[in-house]
Amino acid sequence: MELNIIPVEGTPPVARTHVISVTIRTFKGRRNVQAHLFRLAGETEAAEELAALRGVPGLVGAPLEPGADDLTGPEAETDALRTVLEAFTEAERDAVVDYLSRRYADRLTCIIACPLQLPVPRGVVPFSALPEGKTMGVIRFDDVPRYPLPFAMRGFYDLAQHEPLVHEQE
């Protein structure tokens with residue numbers, strides 16, 4: 001299993017600046033499925049952290065689509081800040097990487113941890129807000145028996161982005 005941890009350069013404006021993705025060897029009939037991991041805070045914790053982030057300069061940037069009026073309001077800013085809340089601290093990143101390396105080493109081909117690109121543009125939707133459907137879903141790591149981490153962790157995937165194990169005949 002390949003492990004790639006890219007450190008944060010300089011001093012980030014907040015501690016939650018680490019994002020993690022994994023590549024799963026085989027998952028739901030697909031090969032090399034990439035899952036983007038995110039931290040899921042409880043409602044009270046998220047509200048408190050979100051309030052604290054609102055005063056930090058440099059976290060939220062310009063809209064993804066310049067001139068998009070719907071991306072200038074408070075909802076777009078809140079979504080961008082919720083994306084920051086889903087990131088991990090350095091200690092959480094290390095705990096996640098250690099846990100995945102021990103528990104899922106035979107199922108993962110790669111773990112990549114890197115800094116969250118700041119500022120987060122308005123218009124970015126947090127992983128926790130993406131709808132689950134036929135090809136998109138969430139792995140609930142924290143529902144696995146004997147999950148050892150003190151915070152909830154999920155992984156968002158989109159099966160449509162990955163080749164099937166067996167090619168379907170037309």
Side-chain angles (χ1 to χ4, degrees), residues 1-10 12-42 45-46 49-50 53 58-61 64 76 78-165:
M1 176 182 69
E2 181 182 338
L3 178 59
N4 191 359
I5 299 177
I6 301 166
V8 174
E9 292 182 14
V14 292
R16 297 205 171 283
T17 56
H18 301 273
V19 293
I20 305 168
S21 65
V22 297
T23 304
I24 307 167
R25 195 175 312 281
T26 58
F27 183 73
K28 295 193 175 202
R30 302 289 174 148
R31 182 183 323 275
N32 296 321
V33 174
Q34 187 173 36
H36 302 281
L37 307 185
F38 60 96
R39 178 184 161 274
L40 189 64
E45 179 187 7
E49 286 191 61
L50 192 61
L53 290 179
L59 293 183
V60 179
L64 280 172
T78 298
D79 278 350
L81 291 173
R82 285 179 53 210
T83 300
V84 174
L85 286 180
E86 290 181 345
F88 300 95
T89 65
E90 185 174 355
E92 290 170 345
R93 176 204 66 192
D94 293 345
V96 168
V97 168
D98 181 61
Y99 168 67
L100 295 172
S101 296
R102 286 185 290 108
R103 179 101 185 233
Y104 298 103
D106 60 333
R107 297 181 190 153
L108 302 177
T109 59
C110 183
I111 300 173
I112 298 172
C114 62
L116 175 65
Q117 295 296 308
L118 295 175
V120 176
R122 284 177 165 76
V124 169
V125 178
F127 287 118
S128 59
L130 293 173
E132 293 188 67
K134 185 175 179 179
T135 63
M136 296 189 312
V138 174
I139 302 167
R140 292 164 174 76
F141 287 97
D142 52 301
D143 285 349
V144 174
R146 296 182 306 283
Y147 175 78
L149 302 176
F151 51 88
M153 179 178 65
R154 307 284 166 92
F156 177 81
Y157 63 87
D158 183 355
L159 297 176
Q161 303 298 313
H162 307 284
E163 65 180 90
L165 289 171

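Nothing here was measured: the structure is a model prediction, and the numbers come from that model.
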Practice item. Could you list all the salt bridge (Lys or Arg N to Asp or Glu O under 4.0 Å) pairs where at least one residue sits in residues 139-148, not counting sequence neighbours? Key: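 Pairs touching residues 139-148 that pass the test: Glu132-Arg140, Asp142-Arg154.
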Review point. Can you list every pair that meets salt bridge (Lys or Arg N to Asp or Glu O under 4.0 Å) and has a residue in residues 109-121, with sequence neighbours left out?
Key: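 Checked against salt bridge (Lys or Arg N to Asp or Glu O under 4.0 Å) - neighbours excluded - no pair reaches residues 109-121.
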Would you please name every residue forming a side chain to side chain contact (heavy atoms under 4.5 Å, CB included) with [X], sequence neighbours left out?
X	result
Glu45	Arg39, Ala41, Glu49
Val96	Ile20, Leu37, Phe88, Leu100, Leu149, Phe151, Met153
Pro12	Val8, Thr17
Ala160	Thr135, Asp158

Review point. At what distance, to the nearest 0.5 angstrom, does CG of Asp79 lie from CG of Leu85?
Key: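 CG of Leu85 is found 11.0 Å from CG of Asp79.
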Exercise for review: Quick one: pull up CD in Glu86 and CG in Leu81 and give me the separation to the nearest 0.5 Å.
Suggested key: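 Reported value, rounded in 0.5 Å steps: 11.5 Å.
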Check your understanding: Are Thr83 and Phe38 close enough that some pair of their side-chain heavy atoms sits under 4.5 Å apart?
Key ->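 Answer no - side chains too far apart.
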Exercise for review: Go through the structure and list residues passing salt bridge (Lys or Arg N to Asp or Glu O under 4.0 Å) with Arg103, not counting sequence neighbours.
Suggested key: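 Result, salt bridge (Lys or Arg N to Asp or Glu O under 4.0 Å) vs Arg103: none returned.
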Point to revise | Contacts of type salt bridge (Lys or Arg N to Asp or Glu O under 4.0 Å), residue Arg25, not counting sequence neighbours | key: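 Counting only residues at least two positions away or on another chain, Arg25 forms no salt bridge (Lys or Arg N to Asp or Glu O under 4.0 Å).
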So which atom in [X] and which in [Y] form the shortest heavy-atom distance, rounded to 0.1 Å?
X	Y	value
Val84	Val14	CG1-CG2, 4.1 Å
Glu92	Ala87	OE1-O, 4.3 Å
Pro131	Met136	O-CE, 3.4 Å
Val138	Tyr157	N-CE2, 3.5 Å
Arg122	Gly61	NH1-O, 3.0 Å
Tyr147	Ala152	OH-C, 4.0 Å

Review point. With sequence neighbours excluded, what pairs up with Asp98 under the side chain to side chain donor-acceptor pair (under 3.5 Å) test?
Key: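 By the side chain to side chain donor-acceptor pair (under 3.5 Å) rule, Asp98 matches Arg102.
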Exercise for review: Check for a donor-acceptor pair, side chain of Arg30 on one end and backbone N or O of His162 on the other, with a separation under 3.5 Å.
Suggested key: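 Flag set: sc Arg30 to bb His162 pair under 3.5 Å.
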Point to revise | Arg93 vs Ile5, side chain to side chain contact (heavy atoms under 4.5 Å, CB included): CA-CA, chis, key distance, verdict | key: CA-CA 9 Å; Arg93 176 204 66 192; Ile5 299 177; 3.6 Å; yes
Review point. Can you list the steps and then say if Leu59 with Leu118 is a side chain to side chain contact (heavy atoms under 4.5 Å, CB included)?
Key: CA-CA 6 Å; Leu59 293 183; Leu118 295 175; 4.0 Å; yes
Point to revise | Residues which pass ring pair (Phe, Tyr, Trp, His ring centres under 6.0 Å) with His36, listed by chain and number, not counting sequence neighbours | key: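 By the ring pair (Phe, Tyr, Trp, His ring centres under 6.0 Å) rule, His36 matches Phe127.
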For a quick test of your reading: what N or O donor-acceptor pairs under 3.5 Å do the side chains of residues 104-112 make, sequence neighbours left out?
from, atom 1, to, atom 2, distance (Å)
Thr109, OG1, Thr23, O, 3.4

